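Heads up, the thing below is written out as structure tokens.
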Amino acid sequence: MQYATSSDHKVLGFLGRALSLEMTAVQQYATQAKLVSAWGLTEDASKLQKESLEEMGHVERVISRMLALGVAPNASMLRPVKLGTNLRQLLLEDAILERDLVELYSQATRHCAKNGDHDGRKFFEDLLKEEQAHDADLVQWIKILETPKT
Ligand SMILES: [Fe+2]
Ligand SMILES: [Fe+2]
């Protein structure tokens, strides 16, 4: 399985980085869900668990795309899970990861648009929108945690 031109090579690079980051997100959210559950925050734990499943869906989409382009997935750069001593700290770490995903998918979308790769642009743009929504949800969630309870 091989893909030839240099611009395609770049797309494969974006996909490889995407797979590593998405798998990092699965690992991070799944771990945080267990931790938060141990703290007794059941509702927050199930939100984090749901995030981890959504990220797993992204992993599957990236893998399908790689297979369609004729390459075997090989995520090689999993980041260590970022934890903390309270929910806010965990969510701040998640926001960093989501922003890295947004940045990666923005670059990939721009690259494909520039090269007239319509399918690639659509693929990355859909993921970009979903990661932007994740980031916005996190910002909102953190804001709620920072609002003093009356
Ligand atoms: Fe994702
Ligand atoms: Fe995400």
Side-chain angles (χ1 to χ4, degrees), residues 3 7-39 41-115 117-147:
Y3 221 66
S7 109
D8 298 332
H9 187 75
K10 214 164 171 200
V11 166
L12 297 184
F14 284 125
L15 286 168
R17 282 159 62 200
L19 186 58
S20 292
L21 269 184
E22 295 289 7
M23 289 186 72
T24 295
V26 171
Q27 173 174 257
Q28 183 154 313
Y29 282 121
T31 308
Q32 290 182 348
K34 294 293 176 202
L35 183 65
V36 165
S37 165
W39 291 344
L41 305 172
T42 316
E43 225 172 277
D44 299 302
S46 80
K47 270 169 89 172
L48 290 165
Q49 163 72 6
K50 205 174 132 258
E51 288 297 330
S52 130
L53 294 178
E54 265 187 52
E55 302 297 2
M56 192 59 213
H58 292 174
V59 165
E60 287 171 2
R61 277 154 67 182
V62 173
I63 287 177
S64 297
R65 185 79 189 153
M66 289 174 123
L67 288 177
L69 294 179
V71 286
N74 64 337
S76 55
M77 304 238 294
L78 277 196
R79 294 183 191 172
V81 173
K82 299 285 183 146
L83 299 174
T85 53
N86 59 56
L87 181 59
R88 181 177 166 276
Q89 281 177 6
L90 302 187
L91 300 183
L92 288 170
E93 293 294 346
D94 297 338
I96 293 171
L97 187 53
E98 296 290 358
R99 274 162 216 169
D100 286 348
L101 279 156
V102 165
E103 178 55 31
L104 174 65
Y105 289 137
S106 302
Q107 284 178 24
T109 301
R110 277 199 304 272
H111 171 80
C112 291
K114 203 175 71 191
N115 287 285
D117 175 357
H118 176 74
D119 287 353
R121 184 191 61 75
K122 172 94 180 72
F123 175 80
F124 286 122
E125 199 170 47
D126 287 346
L127 285 165
L128 171 62
K129 284 182 192 152
E130 289 174 40
E131 302 301 2
Q132 282 169 331
H134 285 173
D135 182 41
D137 288 347
L138 280 171
V139 168
Q140 196 53 32
W141 194 356
I142 292 165
K143 206 182 272 175
I144 291 167
L145 290 177
E146 287 173 347
T147 307

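These numbers were taken from a predicted model, which means no experiment stands behind them. Order of appearance sets the numbers: ligands from 1, and atoms from 1 within every ligand.
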Problem set entry | Test side chain to side chain donor-acceptor pair (under 3.5 Å) applied to Asp94 and Arg99, Lys82, Gln28, His134, the passing residue | Gln28
Problem set entry | Modelled atom types, side-chain donor and acceptor of Thr31 and Gln27, under 3.5 Å | no
Exercise. Taking atom types as modelled, is there a side-chain donor on Glu103 or Gln107 under 3.5 Å from an acceptor on the other?
Worked result: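 A pair is found: one side chain offers a donor N or O, the other an acceptor, under 3.5 Å apart.
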Taking both backbone and side chain into account, is any N, O or S atom of [X] nearer than 2.8 Å to the Fe ion (ligand 2)?
X: Glu51; value: no
X: Glu98; value: yes
X: His58; value: no
X: Glu54; value: no

Out of the N/O/S atoms in [X], what is the name of the one closest to the Fe ion (ligand 1)?
X: Glu22; result: OE1
X: Glu131; result: OE2
X: Glu55; result: OE1

Problem set entry | Arg61 and Glu130 ion-paired at < 4.0 Å |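 Salt bridge present between Arg61 and Glu130.
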Problem set entry | Check ion pair Asp137-Lys47 (N to O, under 4.0 angstrom) |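 A salt bridge is absent here (no side-chain N lies under 4.0 Å from a carboxylate O).
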For this session: Looking at His134, pick out the N, O or S atom nearest to the Fe ion (ligand 2) and give its name.
Result: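 Atom name of the closest N, O or S in His134: ND1.
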For this session: State whether the number of non-hydrogen atoms from other residues, nucleotides or ligands found under 6.0 Å of Glu43 atom CD is greater than 12.
Result: no
